[in-house]
Amino acid sequence: SSLTRSLSLVLDEFYAGLHKCGVSAATGDGIDDFWDVIDKAANDFETDYLEDLKNRVSEQQAKKKAIAKDDIHRLERDIAAQEETN
């Protein structure tokens, strides 16, 4: 029951943010509104989603670099310890 409610809230939020308009296939009425909605959606993508995606990629790259740096330090420490025992 709570899962269903949560999913419903997620869908409501998703659909509330969608740009929409009506277009007649028979007469073409609303086609100008359609292109306006497409422009708004493209702008939203570029300003909101794309920026967020770039930030996530940067964070992942920074994490990978930190892990690699830590791995190198551990390897150097292990090599030094091995040389001391030989």
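Keep in mind that what you see is a predicted model, and the values were worked out from it rather than measured.
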**Q** Identify which one of Q61, K54, Q60 satisfies the side-chain contact (heavy atoms from CB on, under 4.5 Å) criterion when paired with V57.
**A** Q61

**Q** Using a strict cut-off of less than 4.0 Å between a Lys/Arg side-chain nitrogen and an Asp/Glu carboxylate oxygen, indicate whether D44 and K40 qualify as a salt bridge.
**A** no

**Q** So with a 6.0 Å cut-off around CG of D32, is the heavy-atom count from everything else above 12?
**A** no

**Q** Look up atom OG1 in T47 and atom CG in D52, then write down how far apart they are to the nearest 0.5 Å.
**A** 11.0 Å

**Q** Give me each pair satisfying ring pair (Phe, Tyr, Trp, His ring centres under 6.0 Å) with a member in residues 45-66, each pair once, sequence neighbours excluded.
**A** F45-Y49

**Q** Identify the heavy atoms of L18 and K20 that sit nearest to each other, and give their distance.
**A** O-NZ, 3.5 Å

**Q** If you look at every heavy atom in G30 and C21, which pair is closest and at what distance?
**A** O-SG, 4.4 Å

**Q** Check which hydrophobic residues are tied to V23 through side-chain heavy-atom contacts below 4.5 Å, counting indirect links as well, and list them.
**A** I31, F34, W35, I38

**Q** Rounded to the nearest 0.5 Å, how far does CG of L75 lie from CG of D70?
**A** 11.5 Å

**Q** Evaluate the criterion side chain to side chain contact (heavy atoms under 4.5 Å, CB included) for residue pair T4 and S8; output intermediate values, then yes/no.
**A** CA-CA 6 Å; T4 304; S8 176; 5.6 Å; no

**Q** Between F14 and L9, is there shared hydrophobic-cluster membership here, with clusters defined by ILVMFWY side-chain heavy atoms closer than 4.5 Å?
**A** no

**Q** From E51 CD over to L53 CG, what is the distance, rounded to the nearest 0.5 angstrom?
**A** 10.0 Å

